[in-house]
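Inspection log for the structure reproduced underneath, given as structure tokens.
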Amino acid sequence: VKTTKSVAKVHSIHPLTDSILQLSLSPKTFVDYSAGQYLHILSLGETYPFSIANASLGSHKLELHIRHTLENPYNQSMLNEIKNKGEVLIEMPFGRCDITSLHPTKPIVFMAGGTGFAPVKAMIEQLLADCDERPIHLFWGARSMSDLYLEEMVLHWAKSVSHFDYHGLIDESKSNALSDKILKTIGKSLNTMQVVACGPFDMVYQARDTFVDKGFLPQWMFSDAFSFEGK
Ligand SMILES: Cc1cc2nc3c(=O)[nH]c(=O)nc-3n(C[C@H](O)[C@H](O)[C@H](O)COP(=O)(O)OP(=O)(O)OC[C@H]3O[C@@H](n4cnc5c(N)ncnc54)[C@H](O)[C@@H]3O)c2cc1C
């Protein structure tokens, strides 16, 4: 797959919570991508993968949701470089868990853990912009209420889009609560749907095992976690 490097200017940077930043980049050379794909930020000899959180609808901006904490010096040095220079080197596009790889008609269950919401947001934006009428179920699990950082927008979709529904979950324990909630809510019909899982890799593997136990065919589960580690 061909990727391109480009310098990208910081268009805006907003804290969504005290540990998640929304960064909007304007690349000097715009490279098209498919909703669900990710990019690399190349900073101080390190490579940082981040999902692109907006669909490619013509703004030529790239939105990222970046979790950061003071205990994570790795992210902090990259964020300092961005702050000092007002620009950053990126390489893209990466990833095969994107909207064009999905089955074209099966209803979609999106499973997002924490900032795994970023690529899910991009894919839902693309589906809405395309007037796609497939049923869309979004399950978003996070460690705290504030980690459901764009929930207001999601609730608005749930109110205004008849084929979209949303189920948020606060789960402090890194347990299988999110996959259990999906099974409880969707029931046996899950086996007629496709699942797109984005977030902590352990969450994705755990969910796949749980669903496959219930007769779900693994070929209808999509995640970057599978191509990343070859599982
Ligand atoms: C290709 C790629 C792209 C990435 N993109 C981003 C990005 O855009 N932004 C970013 O900040 N990081 C990104 N990362 C880093 C990483 O994947 C994030 O750590 C991940 O998305 C989880 O974010 P979180 O810390 O908010 O989740 P957490 O807060 O740790 O988890 C959120 C929820 O997920 C569920 N969960 C978590 N762990 C488990 C488990 N073991 N079993 C079951 N359920 C679990 C729970 O419901 C939990 O409440 C990326 C990594 C890769 C490889």
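Start at 1 and go down the list; that is how both ligands and their atoms are numbered.
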Legend entry - Residue selection (non-hydrogen contact nearest atom 44 (N) of ligand 1) among Ser175, Gly141, Pro200: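 Shortest heavy-atom distance from atom 44 (N) of ligand 1: Ser175.
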Legend entry - Geometric class of the His65/Phe117 ring pair [parallel <30°, tilted 30-60°, perpendicular >60°]: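 Taking His65 first and then Phe117, their aromatic rings lie parallel (interplane angle under 30°).
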Inset, instruction - Indicate the ring-plane relationship of Trp220 and Phe222, choosing parallel, tilted or perpendicular according to the 30° and 60° boundaries. - result: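 Tilted.
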Inset, instruction - I would like to know whether Arg143 and Glu172 meet salt bridge (charged side-chain N to carboxylate O under 4.0 Å, His left out); could you show each step before the answer? - result: CA-CA 5 Å; Arg143 279 177 276 182; Glu172 290 168 8; over 6 Å; no
Legend entry - Non-hydrogen atom of Phe201 closer than 4.0 Å to ligand 1: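 Phe201 counts as a contact of ligand 1 under the 4.0 Å cut-off.
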Legend entry - Gly199 heavy atom under 4.0 Å from ligand 1: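 Judged by the 4.0 Å heavy-atom criterion, Gly199 does count as contacting ligand 1.
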Legend entry - From OG1 (Thr17) to CD (Gln22), nearest 0.5 Å: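 The CD atom of Gln22 is 11.0 Å from OG1 of Thr17, to the nearest 0.5 Å.
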Legend entry - Interatomic distance, Met203 atom CE to Cys198 atom SG [nearest 0.5 angstrom]: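 The SG atom of Cys198 is 7.5 Å from CE of Met203, to the nearest 0.5 Å.
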Atom indices of ligand 1, in the order listed, that fall short of 4.0 Å to a heavy atom of [X]:
{"X": "Gly114", "result": "26 (O), 27 (O), 32 (C), 33 (C)"}
{"X": "Asp171", "result": "46 (C), 47 (O), 48 (C), 49 (O)"}
{"X": "Gly113", "result": "32 (C), 33 (C), 34 (O)"}
{"X": "Gly116", "result": "21 (O)"}
{"X": "Arg67", "result": "11 (O), 24 (P), 25 (O), 26 (O), 29 (O)"}
{"X": "Asp202", "result": "41 (N)"}
{"X": "Tyr38", "result": "1 (C)"}

Any nitrogen or oxygen of [X], side chain or backbone, less than 3.5 Å from one on ligand 1?
{"X": "Asp147", "answer": "no"}
{"X": "His65", "answer": "yes"}
{"X": "Asn176", "answer": "no"}
{"X": "Arg143", "answer": "yes"}

Legend entry - Among Val109, Leu127, Val196, Val161, side-chain contact (heavy atoms from CB on, under 4.5 Å) partner for Ile136: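 Checked Val109, Leu127, Val196, Val161 against Ile136; only one passes side-chain contact (heavy atoms from CB on, under 4.5 Å): Leu127.
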Inset, instruction - May I ask you to check whether Tyr74 and Tyr48 place their ring centers less than 6.0 Å from one another? - result: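 So the answer is yes for these two rings.
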Legend entry - Pair Arg67 + Asp147, salt bridge at N-O below 4.0 Å: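 The answer is yes: the pair qualifies as a salt bridge.
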Legend entry - Closest approach of Ser43 to Met78 (non-hydrogen atoms, all atoms of both residues):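 Ser43 and Met78 have their closest heavy atoms at OG-CA, 3.7 Å.
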Legend entry - Option among Glu151, His137, Lys159, His156 that satisfies the side-chain hydrogen bond (donor to acceptor under 3.5 Å, both in side chains) test with Tyr166: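 Considering Glu151, His137, Lys159, His156, a side-chain hydrogen bond (donor to acceptor under 3.5 Å, both in side chains) with Tyr166 is found only for Glu151.
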Legend entry - Ala142 and ligand 1 - part of the residue with a heavy-atom distance under 4.0 Å: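 Looking at Ala142 and ligand 1, just backbone atoms fall under 4.0 Å.
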